[in-house]
Number of protein chains: 2
Amino acid sequence: MQKNNVNSEEYKKLNEARDLIINAMAETMDFYGVTPSTGRLYGTMFFLEKPMTLDEMAKAMGMSKTSMSNTARTLLEKKVVEKVWQKGVRKDLYQAEQDFFKTFAEFFCHGWRREMEVNLKAINKAEPIIKELAESDDEQVREAAQKDLKKLENAKKYYLWLEQLVEAVETGKIYEFIPKPEESE
Amino acid sequence: MQKNNVNSEEYKKLNEARDLIINAMAETMDFYGVTPSTGRLYGTMFFLEKPMTLDEMAKAMGMSKTSMSNTARTLLEKKVVEKVWQKGVRKDLYQAEQDFFKTFAEFFCHGWRREMEVNLKAINKAEPIIKELAESDDEQVREAAQKDLKKLENAKKYYLWLEQLVEAVETGKIYEFIPKPEESE
DNA sequence: ATTTACGTACAGTTTAAACTGTACGTTCTT
DNA sequence: AAGAACGTACAGTTTAAACTGTACGTAAAT
């Protein structure tokens, strides 16, 4: 918790300031479908410069190594951390992605894509059936089916649009429309 | 479950086809932070033309009225259903929003906005403290604080960009860049 | 003024998720 | 080849979320 040759008073202050941010991250990351403690881990890794081992995470979060293994995997799947490799280091090393634009693109495009795929698959299965029923002799069935077809058409149009959006975000074309504030490096 | 003067065989078929879609919706709506049963309710309401009462929902979902009250409130908060009013009807009536573009805009802009607000608030609190530490006599503290400041700068730039995106989506300006496929009405 | 209908607060229960500790397979070290 | 270090599968526990039924406050109906 406290480094050796270091002004620990000021370090404490710095960590408190970082915690303000980390807490906010932990709170808002529920939007990304993770628990607060997962968010806290990401926040912690975000501020740490060097990559982190599971043991370091466990110590920093005051949690079990098993939990850290699971949490790290979650963050890995969400593409907000990456596994890095260092010569001579046996332990797995994880490092937080620093570029929020990248994490934004990764996360939302992945989610949107999945939504499109699953739903379009279902639509393609259901549509022929409903199309058949839209020719029914039974007026009520026919009208209901026709209304459903219209709904499916609209859904497909939406997914067509979403596909375009995903592509624009993934390729970076979106930044032609909404430019990034220029980087300070 | 079975209407009176209706070809129940065909109705069954139609409901099976609808269920394919509803199941897909229930599955993918986890991305929107709701449970499958909440997704199922939305899907059910999406296909039903008329607004629905809590009792009808309870019957359709095979769940308690209390659950439906909670679930409906959730959907209301996410802005994917709305309360409608009909003359002479005492019961609350809920109706699914049919326009996916609207639900997209409502949901993501709300989430992004909250993320920006909470995190920027934390940044504004933490930054002055870190700025002070960036002048520290202790070299380690000073360098750490300076690195942190850069991180905060980058975060702010990202949120600036996100703000622009939210605005483009909310105002509909986004459709100038990624046009909607034309409506079939 | 009673009664009836409605939605939800509340308490209790069931179900699922988060988390821990032990044990095991794998890989590096010696 | 034996031993040590590492990550994770697994089983068990704790915590939180989902769901139910009863009860109550409010408002319409009689």
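Naming: A, B, ... by sequence-line order, numbering from 1 per chain.
- Look at A/Arg73 and A/Glu77 and you find a salt bridge, because one of the NZ, NE, NH1 or NH2 atoms lies within 4.0 Å of a carboxylate O, short of that distance.
- Distances were taken from every side-chain heavy atom of B/Met63 (C-beta onward) to each of D/dC19, C/dT20, C/dC19; the shortest belongs to D/dC19.
- Spacing between atom CE of A/Met68 and atom P of D/dG7 amounts to 13 Å, rounded to whole angstrom units.
- Between the side chain of B/Arg90 and the base of C/dA5, a donor-acceptor pair under 3.5 Å is found.
- Going from atom CE of B/Met57 over to atom C1' of C/dC6 covers 14 Å, rounded to whole Å.
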Look for any protein N or O under 3.5 Å of an N or O in nucleotides 8-17 of chain D and output each such pair with its distance, or none.
unit_1	atom_1	unit_2	atom_2	d
D/dT8	OP2	A/Ser69	OG	2.6

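- If you take CH2 of A/Trp85 and P of C/dC28, they are 11 Å apart, rounded to a whole angstrom.
- The nearest whole Å value for the distance from the CD atom in B/Glu56 to the P atom in C/dC6 is 11 Å.
- Under 3.5 Å, the side chains of B/Glu10 and A/Ser136 contain a donor-acceptor pair of N or O atoms.
- In this structure, B/Phe108 and A/Phe31 have perpendicular ring planes: the angle between them is above 60°, well past the 30° mark.
- Here the shortest heavy-atom pairing between B/Lys156 and B/Glu127 reads NZ-OE1, 3.0 Å.
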_Evaluate B/Glu153 against B/Lys157 for salt bridge (Lys or Arg N to Asp or Glu O under 4.0 Å), listing each step before the verdict._
CA-CA 6 Å; B/Glu153 281 315 308; B/Lys157 270 174 194 145; 5.3 Å; no
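- In this entry the distance linking NZ of A/Lys91 with C1' of C/dC28 reads 14 Å, nearest Å.
- Phosphate contact (OP1/OP2 of D/dC19, side-chain N/O of B/Ser67, threshold under 4.0 Å): absent.
- Summarising the geometry, the separation between CE on B/Met52 and P on C/dG7 is reported as 13 Å, rounded to the nearest angstrom.
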*Could you give me the CA-CA distance, side-chain angles and deciding distance for A/Lys91 and A/Glu56, then say whether salt bridge (Lys or Arg N to Asp or Glu O under 4.0 Å) is met?*
CA-CA 11 Å; A/Lys91 305 191 181 198; A/Glu56 288 167 343; over 6 Å; no
